[in-house]
Amino acid sequence: MAQRQAISPATLQKARKANALGLQLYERWEIEGAIEAFQDAIRIHSKEPEYHLNLARALARYGDFDAAKRALGSYIRYEPDKVLAERFERLFGEGMDDVESLVTQRMTEKTLPLEMIGAAVQM
């Protein structure tokens, strides 16, 4: 069995900063920036489940559900709490209802801003 290489504290800090930036951007509906920041965090520390879950959330909000499912799959693979991972798997499997999916699809086709799409889905 291969030995796991330890990650330096400086590298962990760099990954945490990228993730924190992603969370800030996500909260401000700057989804493309959030996705990039979460991807940076994953490149730095790929086995941290939280980063994959955050990426899945951002990708889902962006409307890229295939990529969101792949990110969620990575989260489930790395999450040590299997009960928690199964809950997220079931929750994500339910997805959006038909109306939310249609609104997201049509508004994305019209290249409307993400903030407007998010507001419409939340209604």
Side-chain angles (χ1 to χ4, degrees):
M1 181 185 276
Q3 189 176 12
R4 257 175 95 170
Q5 187 175 356
I7 298 174
S8 74
T11 300
L12 287 174
Q13 183 64 21
K14 192 174 178 181
R16 287 182 188 124
K17 282 184 178 183
N19 184 62
L21 174 62
L23 291 170
Q24 290 171 355
L25 294 169
Y26 181 85
E27 289 299 319
R28 294 192 312 244
W29 280 86
E30 296 177 32
I31 304 305
E32 290 175 358
I35 290 169
E36 289 176 21
F38 295 138
Q39 289 171 333
D40 286 345
I42 290 167
R43 274 192 288 278
I44 297 165
H45 184 29
S46 65
K47 294 188 176 132
E48 174 55 52
E50 177 185 352
Y51 304 159
H52 294 278
L53 182 59
N54 290 340
L55 178 60
R57 291 172 50 215
L59 289 165
R61 184 176 274 186
Y62 188 69
D64 190 344
F65 301 109
D66 290 335
K69 285 180 184 178
R70 287 191 299 275
L72 185 65
S74 294
Y75 161 75
I76 291 167
R77 178 175 43 239
Y78 294 119
E79 175 55 58
D81 182 342
K82 294 305 171 195
V83 173
L84 180 61
E86 287 173 9
R87 275 192 213 153
F88 274 99
E89 188 173 20
R90 282 193 308 272
L91 176 67
F92 195 79
E94 293 172 6
M96 293 191 294
D97 66 29
D98 292 340
V99 172
E100 291 169 326
S101 295
L102 183 62
V103 166
T104 301
Q105 177 188 357
R106 296 294 164 91
M107 292 181 82
T108 301
E109 288 170 0
K110 301 283 185 191
T111 64
L112 294 168
L114 288 174
E115 295 82 6
M116 189 178 290
I117 296 170
V121 169
Q122 289 178 351
M123 290 177 158

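None of the values given here were measured: they were computed from a predicted structure.
- A salt bridge links Arg43 to Asp40: one of the charged nitrogens lies within less than 4.0 Å of a carboxylate oxygen.
- One finds the CG atom of Leu59 at 4.5 Å from the CD1 atom of Ile35 (value rounded to the nearest 0.5 Å).
- Rounding to the nearest 0.5 angstrom, the gap separating the CG atom in Leu72 from the CZ atom in Phe65 is 13.0 Å.
- Heavy atoms only, all atoms of each residue included: Ala60 and Ala68 are closest at N-CB, 3.7 Å.
- One distance of note links OH of Tyr51 with OG of Ser46; it measures 11.0 Å at 0.5 Å rounding.
- With hydrogens and angles left out, the side-chain atoms of Tyr78 and Glu48 include no donor and acceptor closer than 3.5 Å.
- Within the model, atoms NE2 of His52 and NZ of Lys47 stand 9.0 Å from one another, a figure rounded to the nearest 0.5 Å.
- The line from OG of Ser74 to CD of Glu79 is 13.0 Å long, rounded to the nearest 0.5 Å.
- With sequence neighbours excluded, no residue forms a side chain to side chain donor-acceptor pair (under 3.5 Å) with Arg70.
- Counting heavy atoms from C-beta outward, Leu12 and His45 have side chains that approach closer than 4.5 Å.
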May I have the list of side-chain donor-acceptor pairs in residues 18-27 shorter than 3.5 Å, sequence neighbours left out?
from	atom 1	to	atom 2	distance (Å)
Asn19	OD1	Asn54	ND2	2.8
Asn19	ND2	Glu50	OE2	3.4
Tyr26	OH	Arg61	NE	3.4
Tyr26	OH	Arg61	NH2	3.4

